[in-house]
**Q** 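For reference, the structure I am asking about is given below.
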Amino acid sequence: MLEILESRYDHQKTEEKIYALWEKSGLFAPEAHQPWAGNLKRKPFAIIMPPPNANGSLHLGHAVFVTLQDILIRFWRMRGRKTLWLPGADHAGFETQVVFDKKLEKEGRNRFEIPRDQLFGEIWEFTQNSKKTMESQLRKLGASCDWSREKFTLDPNIVKIVYETFEKLYKDGLAYRDNRIVNWCTKHQTTLSELETKYVEKKDPLYYIKYGPVELATVRPETKFGDTAVAVNPRDKRYAKLVGKEIEIETLIGPAKIKVIADEAVDMKFGTGAVKVTPAHDPNDFEIWKRHEKEIPGPKVVIDKYGRIDLSAFAGNEKAERYHGLKIMGARELIEEDMRKEGLITKIDPEYSHSVATCYKCGTTLEPRILPQWFIKTKPLAEKAIRAAEKKEISFHPESSKKVYLHWLKNIRDWNISRQIVWGIRIPAWYCLSCSEPKINPKVKSRWFLVRHGETDYNKMGLIQGATDTPLNETGMAQAREAGQKLKPYNIDLIVSSDLIRCRQTAEIIAETIKEETGAEILFEEKLRERHQGEIEGLPREKFLKNPRDEYSYEGKYMGAESYRELEERAWQAFSSHHLKNHHKNVVLVTHGGVMRMLIKRIKNLDPEAALSIPSRKNAEIIQLDVLDKCKKCGGHFFEQDSDVFDTWFSSGQWPFAALITGKKTDFKTYYPTDVMETGYDILFFWVARMVMLGLYATGKIPFKDVYLHGLVLDKDKKKMSKSKGNVIDPLGVAEIYGSDALRIALVAGNTAGKDIVISEDKIRGYRNFATKLWNIARFILLHRTGPHLKKRYGEKYSKELKDMDRKSLAEIEAIKKKVTNHLEKFEFHLAVEILYHYIWHTLADKKVESLKRFLQPASALEDQVAAREILEKLLIESLKMLHPFMPFITEEIYQKLNPGKILMAEKW
RNA sequence: GGGCGGCUAGCUCAGUUGGUUAGAGCGCUUCGUUUACACCGAAGAGGUCAUAGGUUCGAAUCCUAUGCCGCCCACCA
């Protein structure tokens, strides 16, 4: 039944079949029975796969990690260790958000117009599709990972662990929320960590500006409206007399007084030795202000989140209006021009070169802003991570990367983990609505939703409507249905509604819409009615009222009307009695704009003035209130969750232990710390260092013992591959042409740890040829296996010459084996490849096969024919085993021909 | 400004702790269709190991400088 092989190996016919064979065998799972292993108590071997971003398809960089990790896994599996390779995918917060934003842009949409839940849902769908693609690509590349343990960073049990870590950090005082100056991308509308900024050399004019008696140099004249001081070096004699004094200055928007302070940070040699201090828009100035908090005014914001001049602080100043709303560069030009006219500019150095912080994704110049963000106090975490490396609990390959790692950790700064995007793990911090006190990772008892009724014709026409009882119009009904859709996921138990028809209808439509999910009870409540508007009922709002506080003061009322105070009293009475009874239920409260304003006033503990400034609600607008255990500080019940999400690296930094704790029962105990973390050197700080810090912090143990870092994949001209350059080699494309095996081995041959990998199609083709060579050795042997008389072993009766060759060959291949084993144990993949390549091609094929050919001729003694073939077969099988981690498909396929029924992947090395 | 890495055959790179004529792939030249393989075989050309010093019996390898290339970190009003 022996088949004659084709003269060429057909990877397209083979790979899928072989992968299916492996997967069916169950041998990817570490607990699979390995009969030859004998002692399964041997040390397990575990690698957590760096989860690829679920927002695209695999590139060559992924192919590199698949290859290296699969080599390690297959090698140790064959050596008899209980081997786990745990696959996963990363939601990749910001990265995915950016990818998705681009997709939205193409569709003419943008994320700021899409409700949070809907946007999250759409991105979820998108990532699930990418995930599927990637999984099939990983299979195509031969990854022998345990799919039964696959994880996603947004799996609920992973998220739970991330929350617990955050809570622990908070309790230990290592996570804190603070108003600090952070890097803000005006395009992506989010803050970024230090690592996500890219400094770019730029040439900008350096302006020398007159500031009363002093002169100073700046590249950002447009921020001068936000200046709160002038700083000089304390040792600078030129300004000694001015320090501590207020100076009168002339600005484009009028004269001002500003204080001169002394600070070490000022370089006497730069410019004029005097510097303007703009704490709201410059990180250094922010620091200077912190040091002189008592002497000078705090930050004055003059640039908004879109990077436009915002002079609303100068409302009423006509000169300020000229600049308000301008983009930075436009403002700078205009200001330069105006200052020139005023004689405020003394000199311009047009070619001043400095480096500017930009967004690493879009290159937009980052705008420093002061925002409340969550930070991790990293110093204490870093100390442990440093010690782990110094004590050699963690080894680095290449070793030089350890220095880089240590240097970074020793100079680490606090880590901003808040991101203003939707895609990610929402920060589990709730703030008390009445006193802002945070609660971390609390149990949400229930959710309450205040919903305004849908549109009536009165609303549509802009007429004041209080007690006037009119129904919803078509739009209003549609709005109510939409609100119902949004409320659907929340398991609403109860709907309480004002008994006016517009609310009644809204409530009924909502109830109808959410019916499939829950059968909520509806109660009608007279006390939730809109305020009686008295004599102004039915008047055109636009004409009558310019803003809400025109309606009347908190106490005031028109003839026959009700005051806000009265409204508040009755509405709050109703609200609190329902809250008392139903605080554990999810409740929708359908009511009116005025009522909502007063309820919010009460909940947020606002004074009347502030309450009346609350903007009015749109029809069917929903306000979510989360009910938690009473606030410790003020006793309030209602909270709202932080709208930010965690930096992805905060969650992926917990990946090794999170992926194991949420796995099978004993996984964490068995496989943690894992053995090897293999990833690209470009994420040494982003990921590796943070995994060590967070792993040590959360579990008390290092997350892995060895760190192997591979380089970037470059094209044959040593250029980084990028879509825009069009020099990207699609790994699946070349695998399709030359086979996954050829791609894999080409990626490891001639490459050492930490070095960039130069790959070309030529190189891959070269290794495809090697595959063909191997195939033909097998073909040759199998050709000589035919014929019934050759089936049986002929014992020891063959020639002495052959016996000598046998002995020598075996000794030789044993030596090879020793070397290859040694290299693999030391992560020297390229050396192992070189030895194997050489041995198989230039020894096994060129020497062994050639020299044994004559014994295989029909003229030779039968015993010699059999013996010669058996010698070759032994050498081939040993070669196949050693080559298997590198080229799993073809070696398995050949092995299947030689030993049907057995699986090479599980053979003993 | 600080750090790291590289500089070895036309190209891409190996060369593990210093040890005999410095290696591989691709490319090149010549020859060869020998019943596994032309995605092959045989033979061959091609390197003062960036430069200058030094240590050593011996240096691509260790040390010191220099040059160029690349990367990382920090910072700049």
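Chain letters run A, B, ... following the sequence lines, proteins first, then strands; residues in each count from 1.
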**Q** Quick one: label A:Y199 by what it contacts on the DNA or RNA (base, sugar-phosphate, nothing), any heavy atom closer than 4.0 Å.
**A** base
**Q** Between A:T278 and A:A280 (side chain of the first, backbone of the second, donor and acceptor by atom type, cut-off under 3.5 Å), is there such a pair?
**A** no
**Q** Given the P atoms of B:G5 and B:A65, what is the spacing between them in whole Å?
**A** 14 Å
**Q** A:V758 side chain: which of B:A36, B:G15, B:C13 is closest?
**A** B:C13
**Q** In whole angstrom, give me the gap between the C1' atoms of B:C71 and B:C63.
**A** 25 Å
**Q** Whole angstrom is fine here: how far is it from CZ in A:F685 over to C1' in B:C71?
**A** 11 Å
**Q** Can you tell me how far apart OH (A:Y211) and CD1 (A:I249) are? Round to the nearest 0.5 Å.
**A** 4.5 Å
**Q** Atom CG of A:L876 to atom P of B:C37: distance rounded to whole Å?
**A** 16 Å
**Q** Check the phosphate of B:G15 against A:H830, side-chain N and O only, distance under 4.0 Å to OP1 or OP2. Yes or no?
**A** yes
**Q** Of A:Y837, A:F886, A:W841, which meets ring pair (Phe, Tyr, Trp, His ring centres under 6.0 Å) against A:Y767?
**A** A:Y837
**Q** Checking all strands, does A:Y207 fall into the base, sugar-phosphate, or nothing category for heavy-atom contacts under 4.0 angstrom?
**A** nothing
**Q** Roughly how many Å apart are B:U34 and B:U17, using the C1' atom of each and rounding to a whole number?
**A** 46 Å
**Q** Is there a Watson-Crick or G-U wobble partner for B:U33 with both distances under 3.5 Å, and if so, which one is it?
**A** none
**Q** Under 4.0 Å between a side-chain N/O of A:K763 and OP1 or OP2 of B:C13, yes or no?
**A** no
**Q** Assign A:H281 to base, sugar-phosphate, or nothing according to its heavy-atom contacts below 4.0 angstrom with the strands shown.
**A** nothing
**Q** Mind checking A:K773 for me? I need base, sugar-phosphate or nothing, with any heavy atom below 4.0 Å counting as a touch.
**A** base
**Q** Could you tell me how far apart A:F770 (CZ) and B:G25 (C1') are, to the nearest whole angstrom?
**A** 12 Å
**Q** To the nearest Å, give me how far apart OH (A:Y837) and C1' (B:C13) are.
**A** 14 Å
**Q** What is the nucleic acid contact for A:T272, judged by heavy atoms within less than 4.0 Å: base, sugar-phosphate only, or nothing?
**A** nothing
**Q** Output the distance between atom CG (A:L409) and atom CE (A:M693), rounded to the nearest 0.5 Å.
**A** 5.5 Å
**Q** What is the base-pairing partner of B:C71, counting Watson-Crick and G-U wobble geometry with both distances under 3.5 Å?
**A** B:G3
**Q** Taking N and O atoms by type only, does the side chain of A:R765 place a donor or acceptor under 3.5 Å from a partner on the base of B:C39?
**A** no
**Q** If B:G53 has a Watson-Crick or G-U wobble mate with both distances under 3.5 Å, name it; if not, just say none.
**A** B:C63
**Q** Would you indicate what A:R854 reaches in the nucleic acid, counting non-hydrogen atoms under 4.0 angstrom: base, sugar-phosphate, or nothing?
**A** nothing
**Q** Is the shortest side-chain N/O distance from A:H842 to OP1 or OP2 of B:G25 below 4.0 Å?
**A** yes
**Q** Could you please name the partner base of B:U16, counting Watson-Crick and G-U wobble pairs only when both distances are under 3.5 Å?
**A** none
**Q** Considering only the P atoms, how many Å lie between B:G23 and B:A45, rounded to the nearest integer?
**A** 13 Å
**Q** Any N or O donor-acceptor pair linking the side chain of A:E850 to the base of B:A36 at under 3.5 Å?
**A** yes
**Q** About how many Å separate CZ of A:R235 and CD of A:E264, when rounded to the nearest 0.5 Å?
**A** 5.0 Å
**Q** Is A:S401 close enough to B:C4 that one of its side-chain N or O atoms is under 4.0 Å from OP1 or OP2 there?
**A** no
**Q** Using atom NZ of A:K402 as one end and atom P of B:C73 as the other, report the distance to the nearest whole Å.
**A** 21 Å
**Q** Of the options B:G6, B:U16, B:A42, whose atoms approach the side-chain atoms of A:D846 most closely?
**A** B:A42
**Q** Distance between the P atoms of B:G18 and B:U56, in whole angstroms?
**A** 16 Å
**Q** Nearest-nucleotide wise, let me know which of A:V356 and A:S7 is further upstream toward the 5' end of RNA chain B.
**A** A:S7
**Q** Report the residue from A:T365, A:L192, A:N183, A:T197 that forms a side-chain contact (heavy atoms from CB on, under 4.5 Å) with A:C359.
**A** A:L192
**Q** Any base atoms under 4.0 Å from A:L684, or only sugar-phosphate, or nothing? Heavy atoms, all strands.
**A** nothing
**Q** Heavy atoms only, 4.0 Å cut-off, all strands: where does A:H838 land among base, sugar-phosphate and nothing?
**A** sugar-phosphate
**Q** For A:E194 and A:F270, find the nucleotide of RNA chain B closest to each by heavy atoms; which residue's nucleotide sits nearer the 5' end?
**A** A:E194
**Q** Do the side-chain N or O atoms of A:R8 get closer than 4.0 angstrom to the phosphate oxygens (OP1, OP2) of B:C39?
**A** yes
**Q** Assess the pair A:F889 and A:Y9: is the distance between their ring centroids shorter than 6.0 Å?
**A** no
**Q** Work out how far the C1' atom of B:G54 is from that of B:A42, and round it to whole angstrom.
**A** 46 Å
**Q** What's A:D756 touching, base or sugar-phosphate or nothing? Going by heavy atoms closer than 4.0 Å.
**A** nothing
**Q** Now, which nucleotide makes the Watson-Crick or G-U wobble pair with B:A22, with each of the two distances under 3.5 Å?
**A** none
**Q** Give me the distance, rounded to whole Å, that separates B:G53 from B:G70 when you measure between the C1' atoms they each carry.
**A** 26 Å
**Q** Expressed as a whole number of angstroms, how long is the span from A:I890:CD1 to B:C37:P?
**A** 15 Å
**Q** Examine B:C37: is either OP1 or OP2 under 4.0 Å from a nitrogen or oxygen in the side chain of A:N769? Give yes or no.
**A** no
**Q** Supply the atom-to-atom distance A:D846 CG to A:T843 OG1, rounded to the nearest 0.5 angstrom.
**A** 8.0 Å
**Q** Take atom C1' in B:U8 and the same atom in B:U48, then report the distance between them in whole Å.
**A** 12 Å
**Q** Using a 4.0 Å heavy-atom cut-off across all strands, classify A:K276 as base, sugar-phosphate, or nothing.
**A** nothing
**Q** Expressed as a whole number of angstroms, how long is the span from A:F855:CZ to B:U35:C1'?
**A** 18 Å
**Q** Would you indicate what A:A845 reaches in the nucleic acid, counting non-hydrogen atoms under 4.0 angstrom: base, sugar-phosphate, or nothing?
**A** base
**Q** What integer distance in Å separates A:W408:CH2 from B:A74:C1'?
**A** 14 Å
**Q** Which nucleotide sits closest to the side chain of A:R413: B:A74, B:A36, B:G6?
**A** B:A74
**Q** Does a side-chain N-to-carboxylate-O contact under 4.0 Å join A:R744 and A:D741?
**A** no
**Q** Which is true for A:V277 with a 4.0 Å heavy-atom rule: it touches a base, it touches only sugar-phosphate, or it touches nothing?
**A** nothing
**Q** Partner lookup for B:G44, please. Criteria are Watson-Crick or G-U wobble with both distances under 3.5 angstrom; report none if nothing qualifies.
**A** B:C28
